There are 2 protein chains.
Amino acid sequence: MRPTIKDIAERAGVSKTTVSFALNDPSRISVETYNRVMSIVTELDYVPSPVARTLTTKRLGALGLLLPQPITEALRNPYVVEIVRGIGELCAERELSLTMLPPLRGRVLEAARRAFVDGLITIGVGPDHEVVELLNRRRIPFVTIDGADTDATVNVGVDDEGAAYGLMRHLLDLGHRRVAILALMPDTIKLPEERFSLVRDRRIAGFSRALAELSLSLESPGICVVPAESSIEGGDAAVSALLARSGEPLPTAVVAMADIVALGAYEACRKAGLAIPGDLSVAGFDDIPLAESANPPLTTIHQPGRKKGAAAAALVVELLDGVDAEHRRVLHRCLETRLVVRASTAAPRPDPAASGLARASSPAS
Amino acid sequence: MRPTIKDIAERAGVSKTTVSFALNDPSRISVETYNRVMSIVTELDYVPSPVARTLTTKRLGALGLLLPQPITEALRNPYVVEIVRGIGELCAERELSLTMLPPLRGRVLEAARRAFVDGLITIGVGPDHEVVELLNRRRIPFVTIDGADTDATVNVGVDDEGAAYGLMRHLLDLGHRRVAILALMPDTIKLPEERFSLVRDRRIAGFSRALAELSLSLESPGICVVPAESSIEGGDAAVSALLARSGEPLPTAVVAMADIVALGAYEACRKAGLAIPGDLSVAGFDDIPLAESANPPLTTIHQPGRKKGAAAAALVVELLDGVDAEHRRVLHRCLETRLVVRASTAAPRPDPAASGLARASSPAS
DNA sequence: GTCGATAGCTAAACCGCTTTAGTAATACGG
DNA sequence: CCGTATTACTAAAGCGGTTTAGCTATCGAC
């Protein structure tokens, strides 16, 4: 159906080689021949099969994004969408296409093996992930987003620990002492030894550090960590359950590891008739586009999702280009985050039970 | 680097053919040989090159989504994200990957030519689009989303005209007589003869019909159609400009052809200090996830974006499977829409200038 | 007039796989 | 014991390109 190089060659009365030259290196043939060949190419609307071409050139013109979840799930999180958009920026620039690679048979590894691309980008894959070993062994250029800065991977990320510290500090400074942390779910498709995501762990560490400054910890009364799926529903469910918990005093603040989860918390508050931030302060992480226009606008950690994607893609392309150059040095890119205080966080209502104490001044630094 | 079938064959002391059989049709070889081959396959972590395989099998396990805009732009609209998620559902089911194909050198056609996929899905491509001719000529299975129901294409869509009618009717019934329509931008990468998108035209037609029932038209005073880019910023800009317009009375309602644009209108109102729906009613189209949680919740036309994507993908797969069967009949799938009345629309304030009239009862049907 | 370049083209190998056609060996029916 | 299936395997062709090596004709230089 689709014309092949042979068809063109025959029609033009030349060899396949000549057609190939016309397309790839016109200087090697005469102008007349070039014109003749190209007119047929245009007439038949011929485009060399990228598949066949790849067989020899090893270049496909496609970047792959290894997703930790099925496409449907992954794109529920606007933060992921932002990353994809960032990668898209570079794709446009370099005329690359982008292939989304969901786990195959439940394994990211399978998807990576079958991947049909020049280079790969992963989200949330740590250096111990089985996929890293495979890709390094096969020398497939790849860059991790939100992975870790080790020799095994080229990574683009942020200072999760520091950002989390800042966020928790903000809440503590406001006077909150009973705060619930909505943590990212342990990623089911990770390897056993990496049960919790790196990002989660680093943020937990940051939260802990801030708490420690007030002699608090994750185990202190009033502080709790509950897992929530990265979606509105996930946040809603987690907070609704929290609010329904009887016996203990309710938290005065909720901090989510993803804005989308924080917005789920909004939903739960609405149902429970709780005012934000009057009854409950809510903070998020990511600063997705919605965060600003939410009601109330969400206090969160701004994370440059688009830039992350773009930076990762740029690095992959760099790896792609500099494969032979000894250039292939391990690189890490750490992008900036910042605390964006909006209207969803405020000082807690004075606690009738323990007034005076809850209102403690800001801690020693 | 990556082992080839030859490596496996040599190590196992068999021919390439035998290895191929082991992988694709074990029944054709003895159990012992199978085991021997597979142990080497496992040992070397061998996976057949999808590229090479494709050359002969003509199947590469990927669906392509032809985007009318660069990835970054396209994914700004959550409605598009929903469609992608829908396609993702089917991809997960059939273990396919999804390739996003932004225009190449400004042309969708170029992207289609180079596409590296088994089947394609397009968004907003009409039967007259150059790409349709190409794909039909090449017999590449493809399905259009929001295209048109003609013989040239297999399409998945909704009754845009009817939905638009219902939406406008809702506003008119509330008593609005001065309404601004925020229309989709003419798509720059379309062919000249198809300057405006089909969807836009059909919705405009629906609006017109509703207006006509009250002896109004798009040209009537108070009614206006302004183009807006499909993004929050686009809606914000368009409505801000509208509000800044001096001389004419302001519209009492704004109806956008995309929720994301309607949310931009929210933004413009906030800046202008206008209350929704008190000062201005706002309605959208699509019912993206945000619409419900926006403040106020947005009145809109619910469109099953996910289902559209899933249905389109299902049709492509069907085409893929039934290529030989004379099965390849032209199909059209029209999904349901429904008007979702939320809190962003209400009766306009009584017009001091023309009271009594503006409050006319609902029109004769 | 011969030789070496150079320009312009092509045959053939190759990329890594599938598939067709065929071979050799064993099993089976009469 | 012969002819025919059946089983287990392989050689080779082919998919659609690129690339290497080589061939032929023309041309300029000595």
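Note that this is a predicted model, so its numbers are computed, not measured. In the text below, chain A, chain B and the rest are named by the order of the sequence lines, each starting its count at 1.
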Exercise. When all nucleic acid strands are considered with a 4.0 Å heavy-atom cut-off, which category describes B:Lys16: base, sugar-phosphate, or nothing?
Worked result: base
Exercise. Without hydrogens or angle criteria, can the side chains of A:Thr18 and A:Ser15 be said to hold a donor-acceptor pair below 3.5 Å?
Worked result: yes
Exercise. So, does B:Thr57 use its side chain to make a donor-acceptor pair with the main chain of B:Arg53 at under 3.5 Å?
Worked result: yes
For this session: Would you indicate what A:Thr17 reaches in the nucleic acid, counting non-hydrogen atoms under 4.0 angstrom: base, sugar-phosphate, or nothing?
Result: base
For this session: Mind listing the residues from residues 39-53 of chain A sitting with a heavy atom below 4.0 Å of DNA chain C? Number order is fine.
Result: none
Problem set entry | Residue whose nearest DNA chain D nucleotide is more 5′ - B:Leu55 or B:Arg36 | B:Arg36
Exercise. Near DNA chain C, which residues from residues 21-30 of chain A have a heavy atom under 4.0 Å away?
Worked result: A:Phe21, A:Ile29, A:Ser30
Exercise. Counting only heavy atoms not in B:Arg36, do more than 12 sit closer than 6.0 Å to its CZ atom?
Worked result: yes
For this session: Taking all non-hydrogen atoms of both residues into account, name the closest pair between A:Ala111 and A:Leu104 and its distance.
Result: N-CB, 3.9 Å
For this session: Kindly say whether B:Arg105 contributes a backbone atom to a donor-acceptor pair with the side chain of A:Glu95 at under 3.5 angstrom?
Result: yes
For this session: Step through the shown structure and confirm whether more than 12 heavy atoms of other residues, nucleotides or ligands are within 6.0 Å of CZ on A:Arg138.
Result: yes
Exercise. At how many degrees, to 10°, do the end axes of the helix from C:dG1-D:dC30 to C:dG30-D:dC1 meet when each uses five pairs?
Worked result: 50°
Exercise. Which part of the nucleic acid does A:Thr54 contact within heavy-atom distance under 4.0 Å: base, sugar-phosphate only, or nothing?
Worked result: nothing
Exercise. Can B:Thr42 and B:Ser39 be counted as having a side-chain donor-acceptor contact under 3.5 angstrom?
Worked result: no
Exercise. Can any side-chain N or O of B:Thr153 pair as donor or acceptor with the backbone N or O of B:Asn155 at less than 3.5 Å?
Worked result: no
Exercise. Hey, where on DNA chain C does chain B first and last touch, going 5' to 3'? Cut-off is any atom under 4.0 Å from a heavy atom.
Worked result: C:dG16 to C:dT20
Exercise. For the side chain of A:Thr72 and the backbone of B:Arg85, is there at least one donor-acceptor N/O pair under 3.5 Å apart?
Worked result: yes
Seminar exercise, completed: Comparing nearest nucleotides in DNA chain C, the 5'-proximal residue of the pair A:Thr33, B:Lys6 is A:Thr33
Problem set entry | Gap between atom CG of A:Asp25 and atom OH of A:Tyr34 - 0.5 Å precision | 11.0 Å
Problem set entry | Nucleotide range of DNA chain D lying under 4.0 Å from chain A heavy atoms | D:dG16 to D:dT20
For this session: Starting from the 5' end of DNA chain D, give me the residue, A:Val19 or B:Thr18, whose nearest nucleotide shows up first.
Result: B:Thr18
Problem set entry | B:Cys91 versus B:Leu63, closest heavy-atom pair with distance | SG-CD2, 4.3 Å
Exercise. Just wondering, more than 12 heavy atoms not from B:Arg11 lying within 6.0 Å of its CZ?
Worked result: no
Exercise. Among all residues two or more places apart in sequence or in another chain, which pass the side chain to side chain donor-acceptor pair (under 3.5 Å) test with A:Thr122?
Worked result: none
Exercise. Checking B:Arg306 side chain against B:Gly86 main chain: does a donor-acceptor pair fall under 3.5 Å?
Worked result: no
Problem set entry | Donor-acceptor contact present, side-chain B:Ser97 to main-chain A:Pro102, <3.5 Å | no
For this session: Indicate yes or no for a side-chain donor-acceptor contact from A:Thr150 to the backbone of A:Ala152 under 3.5 Å, with no hydrogens or angles considered.
Result: yes
